[in-house]
Amino acid sequence: MGKVGRRVAAGVAVGVLVGVLGGCASDGSEAAKGAAGSASSGSSSAPSASAAGNVSAAAAAAAPAPGAVTPSAGGTGAPVPPPAGAGAGTPGADSEAVLLDDKVVLQVLPDVKAMAGWEEEKRRVDTADHATTCTAKAPCTGKPLSGSVRFSSGDLVTRFMVDTLPTRDAAKDRLKETCASYGSGPFKTVGVAVLGSESQAFQGQLAGSEGVGIVLRSGTVVASVTTEGGPVDVAATRRFAAMLVKRIEQAQAGRTPDAGLGPI
């Protein structure tokens with residue numbers, strides 16, 4: 001697939017995720033089901049040899065922990081287990097700090113330094129309703145925000161999305177509804193060690209090809225990481241998500257986010 005084709009496919013997939021996350025914020029389960037149901041659209045892609053090596057090598061960096069949620073039959077609309085949290089691993093700090101500044105959200109999203117060897121294709125921060133795109137001339141502060149960035153390596157695509165909420169309770173509700181959205185679509189749950197305060201991993205069609213999505217909450221922030229376009233690699237996706245959690249926690253502690261993938 002050429003670069004233009006890959007961007008079109010990735011654009012379709014990110015639209016699916018925005019629909020899932022946005023639907024959760026509005027009208028509960030019915031909106032969530034409609035958002036997740038659109039996940040079957042898009043086009044497929046295949047990995048290049050070098051990009052596939054990058055993701056496959058990451059598999060050794062993270063393995064499912066004992067007691068993690070086991071895969072379900074998937075795609076059947078069956079109830080999805082609640083996000084893994086206490087008792088399913090070692091959850092991180094459940095910070096009450098809020099990240100309602102677009103400049104901070106931009107810093108939380110990984111950059112080319114953190115994603116060494118990957119090409120950044122698109123980065124943006126909007127208000128939570130996606131009505132306004134935040135810019136240097138029109139900054140957004142004091143309100144819930146939604147940020148995203150997309151990276152590619154050959155035909156592989158990795159996306160990071162961050163939604164900042166005003167309270168932990170609001171973030172907990174958003175995560176539960178997001179997980180329910182995945183559960184009502186063509187996805188199956190996948191067992192991985194817990195990330196952040198609580199998390200859940202899913203596998204299914206993202207842009208016409210099989211991919212992995214990890215949805216998590218870290219305090220007042222709900223985030224997701226997806227990979228598609230190559231061999232399904234849950235461990236590599238978890239490694240990307242673990243980096244994002246570290247960057248969120250750094251921002252919540254008042255530090256400049258700088259966590260990267262680190263050595264494999």
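Position 1 is the first residue of the sequence, and the numbers go up from there.
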First locate atom [atom1] of [X], then atom [atom2] of [Y], and finally report the distance between them rounded to the nearest 0.5 Å.
| X | Y | atom1 | atom2 | answer |
| --- | --- | --- | --- | --- |
| Leu109 | Met115 | CG | CE | 11.5 Å |
| Thr226 | Met161 | OG1 | CE | 8.5 Å |
| Asp111 | Phe160 | CG | CZ | 10.5 Å |
| Glu121 | Arg159 | CD | CZ | 10.5 Å |
| Gln200 | Leu175 | CD | CG | 9.0 Å |
| Thr189 | Gln203 | OG1 | CD | 10.0 Å |

Does any N or O in the side chain of [X] come within less than 3.5 Å of the main-chain N or O of [Y], such that one atom is a donor and the other an acceptor?
| X | Y | result |
| --- | --- | --- |
| Ser153 | Leu156 | no |
| Arg150 | Val157 | no |
| Asp102 | Cys140 | yes |
| Ser197 | Gly219 | yes |
| Arg124 | Cys134 | no |
| Glu119 | Gly154 | no |

Determine whether [X] and [Y] make a side-chain contact, defined as any pair of heavy atoms from C-beta on separated by less than 4.5 Å.
| X | Y | answer |
| --- | --- | --- |
| Val108 | Leu99 | yes |
| Asp233 | Val212 | no |
| Glu249 | Ser95 | no |
| Ile214 | Phe202 | no |

Taking it one step at a time, do Leu106 and Arg123 satisfy side-chain contact (heavy atoms from CB on, under 4.5 Å)? CA-CA 8 Å; Leu106 280 172; Arg123 171 187 299 267; 3.8 Å; yes
Regarding [X] and [Y], is there a side-chain donor-to-acceptor distance under 3.5 Å anywhere?
| X | Y | result |
| --- | --- | --- |
| Ser146 | Asp126 | no |
| Thr167 | Asp169 | no |
| Thr237 | Thr227 | yes |

Before you tell me yes or no, could you show the steps for Phe240 and Phe151 under side-chain contact (heavy atoms from CB on, under 4.5 Å), namely the whole-Å CA-CA distance, both residues' side-chain angles and the distance that decides it to 0.1 Å? CA-CA 11 Å; Phe240 292 133; Phe151 292 89; over 6 Å; no
Salt bridge check: are Glu177 and Arg174 linked by an N-O gap of less than 4.0 Å? no
Looking at residues at least two apart in the chain, or sitting in another chain, which of them share a side chain to side chain contact (heavy atoms under 4.5 Å, CB included) with Asp258? Gln250
Show the nearest heavy-atom pair for residues Thr220 and Val98, with the distance to one decimal. OG1-CA, 3.7 Å
Residue pairs passing the salt bridge (charged side-chain N to carboxylate O under 4.0 Å, His left out) test with at least one member in residues 208-219, sequence neighbours excluded, are Asp94-Arg217, Glu198-Arg217
